[in-house]
2 protein chains.
Amino acid sequence: MTDSKGSGAGSRATAGSKRQRLMTATAQVVHRQGVERTTIADIARAADVPVGNVYYYFKTKDELVAAALTEHARQLSTLTDRLDALPDPRDRLKGLVAAWVGQRDVAARYGCPTGTLAVELDKRAEGGLDVEAGKVIRLLLDWVERQFGALGLPDPAGLALTLVGAYQGMSLLSNALRDPGVMTSQGDRLLAWLDSLDAASAVSHPG
Amino acid sequence: MTDSKGSGAGSRATAGSKRQRLMTATAQVVHRQGVERTTIADIARAADVPVGNVYYYFKTKDELVAAALTEHARQLSTLTDRLDALPDPRDRLKGLVAAWVGQRDVAARYGCPTGTLAVELDKRAEGGLDVEAGKVIRLLLDWVERQFGALGLPDPAGLALTLVGAYQGMSLLSNALRDPGVMTSQGDRLLAWLDSLDAASAVSHPG
DNA sequence: GTCTATAAGGGGATAGAC
DNA sequence: GTCTATCCCCTTATAGAC
């Protein structure tokens, strides 16, 4: 359809470029302002696209929000692809935590992009976008679960919920208290916890 | 001002009763629909108060939201007061976790009332309600910190962030995945973690 | 104190010119 | 493909009758 490249000779790549700009702009602006308080005009301005033209690329606001979710999924797989290059699964998980802590200022100001979006979409009855948000989070959970599984630890799914849950929790608290230090201190605890996990002894909980 | 009782002889207690009904109704409806998608009409209907009459008790929508936060703080202190009756601080914390798990169906459907509200209010630039949400979460953090302190554990503030963060995280995941089982399984891990904490050995992280 | 009618403003979406 | 003008609905908040 209205894909980025290779379609017509006359239209050039501007169409795809504008569409992509709208996607990333939506992801950014929605993260900062929330879905409900973000207007089409806000997105158009951020993407440097004329207001009325937005509807040529996305028929509804919901489609724009769905595009933001896709964008988050894309950024997530960029990160996990990079971490997959590490030989030790434990180092991959520690690298993930390090990436989270590296985003501490953004987290303190606006929270986790995917997590806060999931919270907001849950309150939207129509459209089924809430389910889509859950799928993006599932991508992360599954990747983390594979790492715990590769380490030979018992209940890798439960451990994945604990690690990702800890991230969502510390992001929310850091955001609510406006304190990036929460990300740093809790991140240190997570790293120590990951180091302490042993395939032999089954440490039960979140820490 | 327009307080619940003791003012005029002629006005009776209906004024306070309506005001209270509006507060609890706001807390409930906002939890389910979110702030932005909740209209004054929704709240009026839930509280069984005529729409136009709402403005007699609360001048703006923001005042209603602030009232919802107060309501959450009140419900929180009801819970901690009950837990304070237990002699052992560890049992108090385990009772807190049990209370969270007991609310698993609500959490899976709508998330943590205070946490989701904090996320939403953070996106509201004006009014400073985001700071108020942080204060309510602080109340819980401080209470939890006092329990860890009473147990003689090192870094009680860090432990409090870990425990409350774990709750916020599991609520968010349970909600995003629409799975109450997350609350149960992660709650079990938290209980085991609390049992394992020892004043002598310093277990570093969240679990 | 209680309630109705309505003013005022904003935002999503569309029609159609260029 | 691009952009402007505009329709229409919804929501907050107020004025003022009862």
Side-chain angles (χ1 to χ4, degrees), chain A residues 1-22 25-26 29-30 33-68 120-121 123-127 129, chain B residues 1-22 25-26 29-30 33-68 120-121 123-127 129:
Chain A
M1 287 282 175
T2 336
D3 226 344
S4 50
K5 51 177 69 172
S7 39
S11 61
R12 232 22 149 288
T14 24
S17 148
K18 278 196 181 177
R19 193 186 160 83
Q20 180 57 43
R21 258 153 56 206
L22 284 167
T26 304
V29 179
V30 162
Q33 306 186 352
V35 177
E36 305 294 340
R37 296 183 79 87
T38 296
T39 69
I40 306 285
D42 289 337
I43 295 171
R45 190 168 351 101
D48 198 34
V49 168
V51 196
N53 203 357
V54 172
Y55 285 96
Y56 178 75
Y57 297 97
F58 298 92
K59 293 193 218 332
T60 63
K61 187 179 179 181
D62 272 16
E63 278 189 26
L64 275 164
V65 176
E120 228 186 332
L121 292 181
K123 315 291 189 195
R124 298 199 119 193
E126 331 88 14
L129 281 177
Chain B
M1 288 281 173
T2 337
D3 225 343
S4 51
K5 51 177 67 174
S7 40
S11 60
R12 236 16 151 288
T14 23
S17 148
K18 277 197 183 179
R19 193 187 160 84
Q20 180 58 44
R21 257 154 56 206
L22 284 168
T26 303
V29 178
V30 161
Q33 306 186 350
V35 176
E36 305 294 340
R37 296 183 78 86
T38 295
T39 69
I40 306 285
D42 289 337
I43 295 170
R45 189 166 354 100
D48 198 36
V49 168
V51 196
N53 203 358
V54 172
Y55 286 95
Y56 178 76
Y57 298 98
F58 298 92
K59 294 194 218 330
T60 64
K61 188 179 178 180
D62 271 17
E63 277 190 27
L64 275 165
V65 175
E120 230 188 329
L121 292 180
K123 315 291 188 194
R124 298 199 117 193
E126 331 88 15
L129 280 178

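Predicted, not measured: the structure shown is a model, and the values here were computed from it. Note on naming: letters A, B, ... go to the chains in the order of the sequence lines (proteins, then strands), and numbering restarts at 1 for each one.
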Any protein N or O atoms within reach of nucleotides 12-16 of chain C? Criterion: under 3.5 Å, listing atom names and distances.
from   : atom 1 : to      : atom 2 : distance (Å)
C/dG12 : OP1    : A/Lys61 : NZ     : 3.1
C/dG12 : OP2    : A/Ile40 : N      : 3.1
C/dA13 : OP2    : A/Lys61 : N      : 2.9

Side-chain N,O (B/Tyr57) to OP1/OP2 (C/dG1) below 4.0 Å: no
Is any side-chain nitrogen or oxygen of B/Tyr56 closer than 4.0 Å to OP1 or OP2 of C/dT2?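 Checking C/dT2 against B/Tyr56, no side-chain N or O comes under 4.0 Å of OP1 or OP2.
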Quick check: closest heavy atoms across B/Arg19 and B/Tyr57, and the distance to 0.1 Å?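 Closest approach of B/Arg19 to B/Tyr57, heavy atoms only: NH1-O, 3.1 Å.
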Can you list, pair by pair, the side-chain donor-acceptor contacts under 3.5 Å of residues 39-53 of chain A, counting residues two or more places apart and other chains?
from    : atom 1 : to      : atom 2 : distance (Å)
A/Thr39 : OG1    : A/Ala41 : N      : 3.3
A/Thr39 : OG1    : A/Asp42 : N      : 3.0
A/Thr39 : OG1    : A/Asp42 : OD2    : 3.3
A/Asp42 : OD1    : A/Arg45 : NH2    : 3.1
A/Asp42 : OD2    : A/Thr39 : N      : 3.1

Length of the line joining [X]:[atom1] and [N]:[atom2], which is rounded to integer Å:
| X | N | atom1 | atom2 | answer |
| --- | --- | --- | --- | --- |
| A/Asn53 | D/dC3 | CG | P | 5 Å |
| B/Phe58 | C/dT2 | CZ | P | 13 Å |
| A/Asp48 | D/dC3 | CG | P | 10 Å |

Would you mind checking if A/Glu120 and A/Arg37 are paired as a salt bridge, meaning a charged N to carboxylate O distance below 4.0 Å?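 Here A/Arg37 does not pair with A/Glu120 in a salt bridge, since their nearest N and O are not under 4.0 Å apart.
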Would you say the side-chain atoms of B/Lys123 pair up with the backbone N or O of A/Thr38, donor to acceptor, closer than 3.5 Å? no
Here the gap from A/Glu36 atom CD to A/Leu121 atom CG, rounded to the nearest 0.5 Å, amounts to 9.0 Å
Among residues at least two apart in sequence or on other chains, which ones pass side-chain hydrogen bond (donor to acceptor under 3.5 Å, both in side chains) with B/Asp62?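 Once residues adjacent in sequence are excluded, the partners of B/Asp62 under the side-chain hydrogen bond (donor to acceptor under 3.5 Å, both in side chains) criterion are B/Arg124.
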